[in-house]
Amino acid sequence: MHSNDIHDVVRILKKEIRRWPVPVLGNYLESPFTVLIACILSLRTQDKTTNAASERLFAIASTPETMLATPAKVIEKAIYPVSFYRVKTKSIRAICEELLTQFGGKVPSRLEDLLELPGVGRKTANIVVTLAFQKPGIAVDTHVHRISNRLGYVRTKNADDTEMALRKKLPPRYWVTFNDLLVTYGQNLCKPISPFCSRCKIAQHCKRVGVTVSR
């Protein structure tokens, strides 16, 4: 894939993803806090499960103060069956304590500050930066990493390397939306195994790196 092809790819993807539901985190934009906590819940968890758990949890508590006042067992019950729900409950409470003691109860907008919060990695921090604050950032999950490499746009071995490569190569105007585009496309068409290449509108730009079987 040539570097200049990215403009056509983004334009096509913006049209293509309109037929599918938005990624689950787009449903919790009420505050930076709800974006952050929903993102924590979503880690290694399917969107349907994340969505239901987030709805239950935010009906009980949707601020650091109210969340910290909620017993751990109540939070666990609300978010079950998200993966690692007990670990995530501890992380959520630890995040709330940190927000209240270090940031005045507000979610920080700086990537560096977000990375200091318990259980927050680069993907989560970038999602909060882009979704909650509309600031430049590139959130790289398994879909963004896979498709960016499959296209031949980058050649990297892990998500962190992909983020750094995209920061150098991807035009800044696409940073905020890139995650949503590739996550939606990856969930519905550009599957990890046997992607639907015959139905792909960006196939002419794709090197199909690593693809051995397709539909």
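Just so you know, these numbers use all the heavy atoms, side chains as well, and skip hydrogens, waters and symmetry mates.
Side chains of Ser214 and Arg208 form a contact here, defined as non-hydrogen atoms less than 4.5 Å apart. Put simply, the side chain of Thr184 does not reach to within 4.5 Å of the side chain of Leu189, judged on heavy atoms. Inter-residue side-chain proximity for Arg19 and Asn188 is flagged as unmet; no heavy-atom pair is nearer than 4.5 Å. The shortest side-chain heavy-atom distance between Thr124 and Leu36 falls under the 4.5 Å cut-off. Side-chain contact check for Phe178 versus Ser148: some heavy-atom pair is nearer than 4.5 Å. Residues Leu41 and Ile92 form a side-chain contact, since some pair of their non-hydrogen atoms from C-beta on lies under 4.5 Å apart. Taking the side chain as every heavy atom from C-beta outward, Leu166 and Val144 approach each other to under 4.5 Å. Side-chain contact between Leu57 and Ile37 is present, with at least one heavy-atom pair separated by less than 4.5 Å.
Judged by distance alone, with hydrogens and angles left aside, the side-chain atoms of Asp113 form no donor-acceptor pair with the main-chain N or O of Pro108 at under 3.5 Å. Between the side chain of Thr45 and the backbone N or O of Ser83, at least one donor-acceptor pair lies under 3.5 Å. No side-chain donor-acceptor contact under 3.5 Å links Tyr185 to the backbone of Cys200. A donor-acceptor pair under 3.5 Å links the side-chain atoms of Trp175 to the main chain of Leu170, judged by distance alone. In this structure, the side chain of Lys169 engages the main chain of Tyr153 through a donor-acceptor pair within 3.5 Å. Within the 3.5 Å criterion, the main-chain N or O of Gly137 finds no donor-acceptor partner in the side chain of Asn126.
Between Val82 and Ala53 the shortest heavy-atom distance is CG1-CB, 3.6 Å. Counting all heavy atoms, side chain and backbone alike, Pro171 lies closest to His7 at CG-CE1, 3.9 Å. Minimum heavy-atom separation, Leu111 to Ala125: CD1-CB, 3.4 Å. The shortest non-hydrogen separation linking Pro81 to Arg56 is CD-NH2, 4.1 Å. Across all non-hydrogen atoms, the minimal contact from Met67 to Ile75 is O-CD1, 3.8 Å. Shown here for Ala203 and Cys197, the closest heavy-atom pair between the two residues is CB-O, 4.2 Å.
Atoms CD1 and CG, from Ile202 and Asp5 in turn, are 10.5 Å apart once rounded to the nearest 0.5 Å. One distance of note links CZ of Arg18 with CG of Leu13; it measures 11.5 Å at 0.5 Å rounding. To the nearest 0.5 Å, atoms OG1 (Thr63) and CZ (Phe58) are separated by 10.5 Å. Expressed to the nearest 0.5 Å, how far OG of Ser91 lies from CG of Leu43 amounts to 9.0 Å. If you take CD1 on Ile40 and CD1 on Ile127, they are separated by 9.5 Å, rounding to the nearest 0.5 Å. Atom CZ in Arg122 sits 10.0 Å away from atom CD1 in Ile138 (nearest 0.5 Å).
Within 6.0 Å of CZ on Arg11 lie more than 12 heavy atoms contributed by other residues, nucleotides or ligands. For Gln46, the CD atom counts as loosely surrounded, since its 6.0 Å shell holds 12 or fewer non-hydrogen atoms of other residues, nucleotides or ligands. At most 12 non-hydrogen atoms from other residues, nucleotides or ligands lie less than 6.0 angstrom from CZ of Arg44.
Connection of Tyr85 to Val120 is established within a shared hydrophobic cluster, with ILVMFWY side chains joined at heavy-atom distances below 4.5 Å, either directly or through further cluster members. Under the 4.5 Å side-chain heavy-atom criterion for grouping Ile, Leu, Val, Met, Phe, Trp and Tyr, Trp20 is connected to Ile12 within one hydrophobic cluster. When hydrophobic clusters are built by joining Ile, Leu, Val, Met, Phe, Trp and Tyr residues whose side-chain heavy atoms come closer than 4.5 Å, directly or via intermediates, Ile95 is not grouped with Leu100.
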- Task: Could you go through the side chain to side chain contact (heavy atoms under 4.5 Å, CB included) check for Asp8 and Gln204 one step at a time?
- Result: CA-CA 10 Å; Asp8 280 342; Gln204 70 270 28; over 6 Å; no

- Decide side chain to side chain contact (heavy atoms under 4.5 Å, CB included) for His205 and Ile6; before the verdict, give the C-alpha distance in whole Å, the side-chain angles of both, and the deciding distance to 0.1 Å. CA-CA 9 Å; His205 299 300; Ile6 195 65; over 6 Å; no

- Message: Under the criterion side-chain hydrogen bond (donor to acceptor under 3.5 Å, both in side chains), I'd like the reasoning laid out for Gln187 against Asp47: C-alpha separation, chi angles, the key distance, then a yes or no.
- Response: CA-CA 10 Å; Gln187 288 177 338; Asp47 276 7; 3.3 Å; yes

- Test side chain to side chain contact (heavy atoms under 4.5 Å, CB included) on Leu114 and Leu117 and set out the steps. CA-CA 5 Å; Leu114 286 161; Leu117 297 174; 4.0 Å; yes

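With 3.5 Å as the limit, one finds no donor-acceptor pair spanning the side chains of Ser62 and Thr34. Between Thr50 and Ser42, the side chains place no donor N or O within less than 3.5 Å of an acceptor N or O (distance only, hydrogens not considered).
Shown are Ile147, Asp141, Asn149, Thr142; of these, the side chain to side chain contact (heavy atoms under 4.5 Å, CB included) with His145 is made only by Asn149. For the pairing with Lys191, the side chain to side chain contact (heavy atoms under 4.5 Å, CB included) check across Arg146, His143, Arg215 returns one residue only, Arg215.
By the ring-ring contact (aromatic ring centres under 6.0 Å, His included) test, Phe196 pairs with no residue at all, sequence neighbours left out. Every residue meeting the side-chain contact (heavy atoms from CB on, under 4.5 Å) condition with Ile60, not counting sequence neighbours, appears here in chain and number order: Thr70, Val74, Ala78.
Pairs of residues two or more places apart, or lying in two chains, that qualify as salt bridge (Lys or Arg N to Asp or Glu O under 4.0 Å) and include a residue from residues 76-99 are Lys73-Glu76.
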